Amino acid sequence: MKYLCLVYLDEKRQDELPDEDCVAYDTDIRASGYCLASEALQPVQTATTVRMRNGKLSVTDGPFAETKEQLAGFYMIEATDLNEAIRIAAKIPPARVGCVEVRPIRPIRETVAARTRST
Amino acid sequence: MNGDLSRSMREIVDGVYRSESRRVFATLIRVLGDFDTAEEALHDAFRAALEQWPREGVPANPRAWLVSAGRFKAIDGLRRRARFEKLDDFAEHAESIADESVAPDADDIEDDRLRLVFTCCHPALSPDAQVALTLREVCGLTTEEIAHAFLTAAPTVAQRIVRAKSKIREAGIPYRVPSPEELPQRLDSVLRVVYLVFNEGYSASSGESLTRHDVSGEAIRLARLLVELLPEPEAMGLLALMLLHESRRAARTSASGDLILLDAQDRSRWDRGQIAEGIALVERALPRRAPGPYCLQAAIAAVHAEAPSAEATDWEEIVGLYDLLVLAEPSPVVELNRAVAVAMRDGPLAGLALVDAILARGALSDYRLAHAARADLCRRLARTADARLSYERALALTRQEPERRFLERRLAELKK
């Protein structure tokens, strides 16, 4: 079986959790073979919600807010910029009935590595 | 002598700042990769101009000079930070900017302004942020001026701008004119921002009107820039629509700040220059196939502008244009406006039947202008009780002072 572990957090409490701890855990779990993919996300203000209705694209600022919609899956994509990411997200079939939240990845490993180098 | 020289040089630099700073800024964002670095570089470039131009004379192409001065200042700054903070990022960034060989040519600079407009009006930013960012970065208004125009606190506007810039950076909103297939929708978003800015200044009609009026002027300047850079029919339509509305500004409020409706306005006070320009634009934009909503609204405003009086207006033509507008942009508000035009063409009874049908659908039951329109039609049909009820409903829904006074006046007239 494969499982997706979703991480929820009050962003105001992000500081209580050093990036170094997260990256250390990430290194361990990847070495153990259990982890297939993992990333940190940028804060929720960077979210963009994409919907397709009757072939018409709708793009709005912010995360999805409908409590009647539930998380149904994910795609991790590589795109040159947000415009390309939106183009791709709009073609994900559930965008026609639900929505796709597009959130940039936070380069947590690179940040921690750079910090280690400069000290 | 020396004092005179430096004063006149300051005037020259100020003049260049007014005419070129937004263009230079737009190019610096592309060259340097972010808004804040570009803003700093812009100020450094003008500081350098104040120092060097008195000695060396004003360069033949001040714009190119400023872009290249700003770019070198930014590279210096990044290299310095790389040394002090030992961060490779800054050094790499500095070298990547320094690498970009040739100075940008004139075409690029015009494209940069368009890039800036599309980035500021990106649909992934909240509508409030789009407006604030556009006025700040494209038009060069200060945070305080924007706050004043939108009756918001300056810190709120400042925070909106900071958040928007951080989303641009972190979510990877590109600095680019959209591809042809994305253009129609992205242009809609830009035009919506421009029209929102215009309406904010236009609907304000008392007290603060002077400064808020400037915001309408800013919207018209923005639309002119768009038409110049991207002569799409809808951009021309929006510019025409705003000019035609603006032409009536002096006639739409009385000396005491009361609202005067279109049919009662003194048409000799309409601005003929703006009308002529608006009509010329409509004629340029309209013959193309399937006109969009801004072109159609501008065409309707043009018919009004050409009419010597409300009675002598070509209502047949106006109803026909509304028929097209209902197809292009179906909305109950458009239907309501069409109903009012039908009332002018076929009499109040025909209009009332349409308004009642719209209200019966429940679509506009909380829209003050629907009740005000119904009240007016009932008044013209001498159905006083119905008219009073609808005026009272409209009054309860309105939040604008001049509108409230207008409705109260109408109610008082009914009681006579």
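To find a chain, count down the sequence lines: A is the first, B the second, and so on, and within it residues start at 1. The model shown is predicted, which means the values in this text are computed figures rather than measured ones.
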Report the option among B:Pro127, B:Pro178, B:Gly172 that has the most heavy-atom pairs separated by less than 4.5 Å from atoms of chain A.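 The residue among B:Pro127, B:Pro178, B:Gly172 with the greatest pair count is B:Gly172.
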Identify which one of A:Val59, A:Leu57, A:Ile86 satisfies the side chain to side chain contact (heavy atoms under 4.5 Å, CB included) criterion when paired with B:Pro123. A:Val59
Non-hydrogen atoms of chain A under 4.5 Å away: do they reach the side chain of [X], the backbone, both or neither?
X	answer
B:Arg169	neither
B:Leu125	backbone
B:Gln185	side chain

Check whether A:Arg106 gets within reach of chain B through its side chain, its backbone, both or neither, counting any heavy atom under 4.5 Å.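 Nothing of A:Arg106, per the 4.5 Å heavy-atom cut-off to chain B.
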If you round to the nearest 0.5 Å, how far is [atom2] of [Y] from [atom1] of [X]?
X	Y	atom1	atom2	result
B:Lys167	A:Gln42	NZ	CD	11.5 Å
A:Asp81	B:Arg176	CG	CZ	4.5 Å
B:Ser126	A:Gln45	OG	CD	11.0 Å

Inspect the surroundings of [atom1] in [X] and state if more than 12 heavy atoms from other residues, nucleotides or ligands are less than 6.0 Å away.
X	atom1	value
A:Glu78	CD	no
A:Glu101	CD	yes
A:Arg53	CZ	yes

Heavy atoms only, distances under 4.5 angstrom: which of A:Ser58, A:Ala47, A:Gly62, A:Ala85 has the most pairs with chain B? Name it, please. A:Ala47
Please report the closest heavy-atom contact between A:Pro104 and B:Ala171, naming both atoms and the distance. CG-CA, 3.7 Å
In terms of heavy-atom contacts, A:Asn83 and B:His122 come closest through OD1-NE2, 2.7 Å
Do B:Gln130 and A:Asp61 make a side-chain contact, defined as non-hydrogen atoms from C-beta onward lying under 4.5 Å apart?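 Not in contact.
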